[in-house]
Protein chains: 2
Amino acid sequence: MEHRLDRIKEELHAQSYKLTPQREATVRVLLEREEDHLSAEDVYLLVKEKAPEIGLATVYRTLELLSDLKVVDKINFGDGVSRYDLRKEGAKHFHHHLVCTECGSVEEIMDDLLEDVETVVQDQWGFLVQDHRLTFHGICRACQQKNN
Amino acid sequence: MEHRLDRIKEELHAQSYKLTPQREATVRVLLEREEDHLSAEDVYLLVKEKAPEIGLATVYRTLELLSDLKVVDKINFGDGVSRYDLRKEGAKHFHHHLVCTECGSVEEIMDDLLEDVETVVQDQWGFLVQDHRLTFHGICRACQQKNN
DNA sequence: TTATTTGCAAATAGTTTGCAAGACG
DNA sequence: CGTCTTGCAAACTATTTGCAAATAA
């Protein structure tokens with residue numbers, strides 16, 4: 001955990017960004033809530049518990065910065081909010097999501113299921129793939145069982 | 001073209017929605033600009049050319065309605081705007097997109113490349129897939145050539 | 001006729017920005 | 001120290017909503 005925090009600190013320093021307490025608190029929240037898909041507002045409220053003086057604008061600016069550094073990915077599940085998802089260390093690609101249309105839960109798939117598909121896209125469409133976004137909408141295991 | 005318009009009219013009637021000139025004008029714009037990925041504002045401006053008295057709120061309401069009827073899909077490429085994309089007739093799934101990070105162009109892939117992946121998701125994660133969203137980010141053919 | 005639908009304007013919600021004060025390196 | 005960063009409030013943008021008037025079926 002601390003290890004990953006240090007790596008992110010290094011990333012910031014490498015680009016000569018300052019490491020402020022606000023930025024550190026924000027990163028800590030993201031690490032602690034890695035499973036979740038927090039909105040800026042969510043992050044703000046959680047950071048506020050540790051560092052009550054932080055402002056919402058700073059959270060937005062920090063998340064934007066981390067997004068530029070590719071430490072987090074900014075995603076959008078179609079409700080009007082952007083969500084921020086920590087990228088796995090060394091992950092080449094964004095991970096996939098399973099969004100349940102009944103209970104709204106979001107599951108993550110870390111495996112890269114798209115290697116073959118990317119080959120097709122590169123070969124048949126001549127498109128040089130850098131990254132991808134894949135979300136499945138459907139019914140999660142728990143809701144399927146509930147329905148029976 | 002008229003055929004598809006009629007089908008959409010039927011869809012509306014089947015759910016006992018009224019067929020107003022505003023709704024028809026909106027659908028016509030979507031059909032004419034099927035290749036594009038129009039925002040609500042884009043649609044509004046185009047509809048206004050034919051029916052100047054239409055209001056932006058009506059366009060939003062119509063697009064929302066068409067989205068509920070699964071006539072259009074609401075998508076989000078990460079800029080702050082929702083875009084509306086006509087679903088192909090009888091298409092089970094949303095089509096895929098190739099977004100160029102250099103010129104911003106958006107190409108569509110109609111083939112369903114995800115059948116195998118969906119099987120994996122259903123079998124290994126127990127997730128009952130209803131639909132998917134897949135977008136690749138990368139460099140389009142034209143920009144690759146330009147770079148050499 | 002009569003429940004829907006519209007246009008307008010005002011309200012919201014999420015996000016961004018200007019700026020003076022504060023703090024990291 | 002000087003520049004980067006912050007907090008606050010105001011500005012902005014996309015979208016939604018309330019309501020009285022208009023209209024499709």
Side-chain angles (χ1 to χ4, degrees), chain A residues 8-27 29 37-69 71-85, chain B residues 5-6 8-27 29 37-69 71-85:
Chain A
I8 295 169
K9 286 184 185 175
E10 283 166 26
E11 288 262 8
L12 281 166
H13 283 141
Q15 311 279 328
S16 62
Y17 287 112
K18 291 180 181 171
L19 184 65
T20 63
Q22 290 92 332
R23 286 179 181 164
E24 176 162 340
T26 304
V27 171
V29 163
H37 300 82
L38 304 173
S39 67
E41 184 85 34
D42 295 336
V43 173
Y44 170 61
L45 292 173
L46 289 165
V47 173
K48 225 169 157 48
E49 290 175 9
K50 313 182 166 189
E53 73 294 349
I54 200 173
L56 179 55
T58 301
V59 172
Y60 271 104
R61 283 184 282 228
T62 302
L63 290 172
E64 161 102 37
L65 174 60
L66 294 175
S67 193
D68 290 346
L69 294 177
V71 169
V72 303
D73 284 303
K74 190 174 177 178
I75 43 175
N76 196 304
F77 290 133
D79 52 345
V81 219
S82 292
R83 297 176 181 281
Y84 299 85
D85 211 354
Chain B
L5 182 63
D6 289 339
I8 294 170
K9 286 184 185 175
E10 283 166 26
E11 288 262 9
L12 281 166
H13 282 141
Q15 311 278 328
S16 63
Y17 288 113
K18 292 182 181 169
L19 184 64
T20 64
Q22 291 90 334
R23 285 178 181 166
E24 176 162 341
T26 304
V27 171
V29 163
H37 301 82
L38 303 173
S39 67
E41 184 86 31
D42 296 336
V43 174
Y44 171 63
L45 293 172
L46 289 165
V47 174
K48 225 169 157 49
E49 291 175 10
K50 313 181 169 192
E53 73 294 350
I54 201 173
L56 178 56
T58 302
V59 172
Y60 271 104
R61 284 184 281 227
T62 302
L63 291 172
E64 163 101 36
L65 175 60
L66 294 174
S67 192
D68 289 347
L69 294 176
V71 169
V72 303
D73 285 302
K74 191 174 177 179
I75 44 175
N76 197 303
F77 290 135
D79 51 348
V81 219
S82 291
R83 296 176 181 280
Y84 299 85
D85 212 353

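Protein chains get the first letters and strands the later ones, always in sequence-line order, with residue 1 at the start of each.
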For residues 45-54 of chain B, tabulate all N or O donor-acceptor pairs below 3.5 Å that involve a side-chain atom, not counting sequence neighbours.
from, atom 1, to, atom 2, distance (Å)
Lys48(B), NZ, Tyr44(B), OH, 3.3
Lys48(B), NZ, Pro52(B), O, 3.1
Lys50(B), NZ, Glu32(B), OE1, 3.3
Lys50(B), NZ, Glu32(B), OE2, 2.7

For Asp85(A), which residues count as a side-chain hydrogen bond (donor to acceptor under 3.5 Å, both in side chains) partner, sequence neighbours excluded? His37(A), His95(A), His97(A)

Answer with base, sugar-phosphate or nothing: what part of the nucleic acid does Ser16(A) contact at a heavy-atom distance below 4.0 Å? nothing

Which atom pairs link the protein and nucleotides 22-25 of chain C when you take only N or O atoms and keep those under 3.5 Å?
from, atom 1, to, atom 2, distance (Å)
dC24(C), O2, Lys18(A), NZ, 2.9
dG25(C), OP1, Leu19(A), N, 3.3

Kindly state which residues belonging to residues 39-52 of chain B come within less than 4.0 angstrom of DNA chain C, counting heavy atoms of the residue only, listed by number. none

Review item, nucleotides 10-13 of chain D N/O atoms under 3.5 Å of protein N/O:
none

Considering all heavy atoms of both residues, which atom of Val81(B) and which atom of Ser39(B) are nearest to each other, and what is their separation? CG1-CB, 3.6 Å

Mind checking what makes side-chain hydrogen bond (donor to acceptor under 3.5 Å, both in side chains) contact with Ser82(A), not counting sequence neighbours? none

Sequence neighbours excluded, which residues qualify as side-chain hydrogen bond (donor to acceptor under 3.5 Å, both in side chains) partners of Arg83(B)? Asp79(B)

Taking side-chain hydrogen bond (donor to acceptor under 3.5 Å, both in side chains) as the test, write out the residues that go with Asn76(B), two or more places apart. none

Taking five pairs at each terminus, the helix from dT1(C)-dA25(D) to dG25(C)-dC1(D) shows an axis bend, to 10°, of 40°

Holding to salt bridge (charged side-chain N to carboxylate O under 4.0 Å, His left out), I want the full list of residues that pass it with Lys9(B), two or more places apart in sequence or in another chain. Glu24(B)

Please write out each protein N/O paired with an N/O of nucleotides 16-21 of chain C under 3.5 Å, distance rounded to 0.1 Å.
from, atom 1, to, atom 2, distance (Å)
dG18(C), O6, Arg61(A), NH1, 3.4

Between dA9(D) atom C1' and Ile54(A) atom CD1, what is the distance in whole Å? 17 Å

Only pairs at least two apart or in different chains count here, so list each side-chain hydrogen bond (donor to acceptor under 3.5 Å, both in side chains) that has a residue in residues 60-69 of chain A. none

